[in-house]
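In what follows, residues are counted from 1 in the order of the sequence shown.
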Amino acid sequence: MRLALISDIHGNRHALEAVVADAGEQLVDAWWALGDLVAIGPEPVRTLELLANLPAVRITRGNTERYVLTTDRPPPHPPQVIARPELFELYGTIQQSFAWTGGAIAACDWRPWLADLELEVRSRLPDGTDVLGVHASPGRDDGDGITPHREAHELRREMDDACAQLVFAGHTHQPTDREVGGVRAVNLGSVSNPITDDLRASYVILHSDRHGHHVEHRRVGYDRDAFLKVVARSGHPAADYIASFQRGEQARFPAQRPGAPTPST
């Protein structure tokens with residue numbers, strides 16, 4: 001069995017198509033998509049249309065699905081803006097960004113589909129390994145999540161609630177592969193909106209049979225210039241912020257560091 005695991009697509013159909021093509025060449029049988037599917041990107045509906053039709057796909061929600069469907073928002077919140085008026089422009093952009101995505105989703109009747117997404121997905125591999133997939137960490141769609149640099153005792157405390165030997169997550173956009181307290185904690189990285197100095201789409205293939213399993217981290221290039229053109233003509237209120245990821249301006253971490261995996265491509 002070959003299971004492709006992706007997260008943090010952020011409405012980037014170009015990057016998702018590249019990942020789907022690469023996974024097809026690897027003869028992937030099924031898919032898990034672990035949240036942050038559409039917000040902070042220019043093509044939420046076209047992205048969902050591709051995601052929903054992947055073979056044997058299971059999909060979880062992320063924190064940005066919550067923002068799109070509810071009045072919840074990331075900081076800054078109104079009391080912070082009142083205390084620091086210089087945050088008002090950022091606050092306004094965040095409100096407009098999630099409202100824009102929410103409007104696109106509602107106009108094409110995808111809200112009920114998003115609202116029905118699970119928080120977690122689980123499976124048992126042919127070798128008996130229990131696997132959990134979640135956006136951030138067991139039982140949560142946000143928080144500090146799985147990263148290479150988190151203190152082991154902090155990460156172990158979160159993994160104690162996994163009830164699994166293998167945990168996959170996204171959220172932090174930082175590819176990670178660590179053993180903590182008998183649990184292998186794997187971060188898929190992000191299909192879009194990279195924050196490492198490797199701007200390619202990042203995902204994982206889980207190979208398994210009754211004899212064992214193997215986690216393969218992969219990176220896939222795509223036409224970022226074509227994607228930037230889509231961003232520019234989308235009318236998205238945070239278009240320049242989205243484009244800044246593609247220009248490498250949001251890179252805050254080296255791709256290769258302790259706790260980060262070496263990708264296969």
Colleague: Could you work out, with side-chain hydrogen bond (donor to acceptor under 3.5 Å, both in side chains) as the rule, every residue matching Glu65, not counting sequence neighbours?
Modeller: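 Glu65 satisfies side-chain hydrogen bond (donor to acceptor under 3.5 Å, both in side chains) with no residue once adjacent residues are dropped.
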Colleague: What residues, two or more places apart in sequence or in another chain, satisfy ring-ring contact (aromatic ring centres under 6.0 Å, His included) together with Trp100?
Modeller: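 Listed in chain order: His236.
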Colleague: Could you pull out all residues at least two apart from Ser97 that satisfy side-chain hydrogen bond (donor to acceptor under 3.5 Å, both in side chains)?
Modeller: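 Partners of Ser97 under the side-chain hydrogen bond (donor to acceptor under 3.5 Å, both in side chains) test: none.
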Colleague: For Arg247, enumerate each residue passing the side chain to side chain contact (heavy atoms under 4.5 Å, CB included) test, keeping only those at least two apart in sequence or located in another chain.
Modeller: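 Arg247 satisfies side chain to side chain contact (heavy atoms under 4.5 Å, CB included) with Asp240, Ala243, Ser244, Glu249 only.
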Colleague: What residue pairs, at least two apart or across chains, pass salt bridge (Lys or Arg N to Asp or Glu O under 4.0 Å) with a residue in residues 176-186?
Modeller: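 Every salt bridge (Lys or Arg N to Asp or Glu O under 4.0 Å) pair that includes a residue of residues 176-186, provided the two are not neighbours, is Asp177-Arg184.
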Colleague: Excluding sequence neighbours, so at least two apart, what forms side chain to side chain contact (heavy atoms under 4.5 Å, CB included) with Cys163?
Modeller: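 Cys163: side chain to side chain contact (heavy atoms under 4.5 Å, CB included) contacts with Arg122.
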Colleague: Please list, one pair per line, the donor and acceptor atoms closer than 3.5 Å that link side chains of residues 2-12 to other protein atoms, with sequence neighbours excluded.
Modeller:
| residue | atom | partner | partner atom | Å |
| --- | --- | --- | --- | --- |
| Arg2 | NE | Gln26 | O | 3.4 |
| Ser7 | OG | Gly189 | O | 3.2 |
| Asp8 | OD1 | His173 | NE2 | 3.0 |
| Asp8 | OD2 | His171 | N | 2.9 |
| His10 | ND1 | Ala39 | O | 2.8 |
| His10 | NE2 | His173 | NE2 | 3.3 |
| Asn12 | OD1 | His14 | N | 3.2 |
| Asn12 | OD1 | Ala15 | N | 2.9 |
| Asn12 | ND2 | Ser192 | OG | 2.9 |
| Asn12 | ND2 | Tyr222 | OH | 3.2 |

Colleague: Only one of Ser202, Pro261, Ser264 passes side-chain contact (heavy atoms from CB on, under 4.5 Å) with His217; say which it is.
Modeller: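 For His217, the side-chain contact (heavy atoms from CB on, under 4.5 Å) check succeeds only for Pro261.
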Colleague: Is the shortest heavy-atom distance from the side chain of Arg73 to the side chain of Phe98 under 4.5 Å?
Modeller: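 Yes - at least one pair of side-chain heavy atoms lies under 4.5 Å apart.
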Colleague: With a 3.5 Å distance limit and no angle check, can you tell me whether Gln95 reaches the backbone of Gly92 through a side-chain donor-acceptor pair?
Modeller: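 Such a contact is absent between Gln95 side chain and Gly92 backbone.
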Colleague: By side-chain hydrogen bond (donor to acceptor under 3.5 Å, both in side chains), which residues pair with Asp29, not counting sequence neighbours?
Modeller: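 With sequence neighbours excluded, Asp29 shows a side-chain hydrogen bond (donor to acceptor under 3.5 Å, both in side chains) to no residue whatsoever.
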Colleague: Please enumerate all residues that pass ring-ring contact (aromatic ring centres under 6.0 Å, His included) together with His149, with sequence neighbours excluded.
Modeller: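 Checked His149 against ring-ring contact (aromatic ring centres under 6.0 Å, His included); matches are Phe253.
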Colleague: Hey, does Ile242 have a side-chain heavy atom less than 4.5 Å from the side chain of Phe227?
Modeller: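 Yes, at least one pair of side-chain atoms sits under 4.5 Å.
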Colleague: Could I get the full list of salt bridge (Lys or Arg N to Asp or Glu O under 4.0 Å) partners for Arg124, not counting sequence neighbours?
Modeller: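 Here the qualifying residues are Asp130.
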Colleague: Would you please name every residue forming a side-chain hydrogen bond (donor to acceptor under 3.5 Å, both in side chains) with Arg66, sequence neighbours left out?
Modeller: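 Once residues adjacent in sequence are excluded, the partners of Arg66 under the side-chain hydrogen bond (donor to acceptor under 3.5 Å, both in side chains) criterion are Asp72, Asp141, Asp142.
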Colleague: What pairs meet the side chain to side chain donor-acceptor pair (under 3.5 Å) rule with one or both residues in residues 84-93, with sequence neighbours excluded?
Modeller: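 Pairs touching residues 84-93 that pass the test: Arg84-Glu86.
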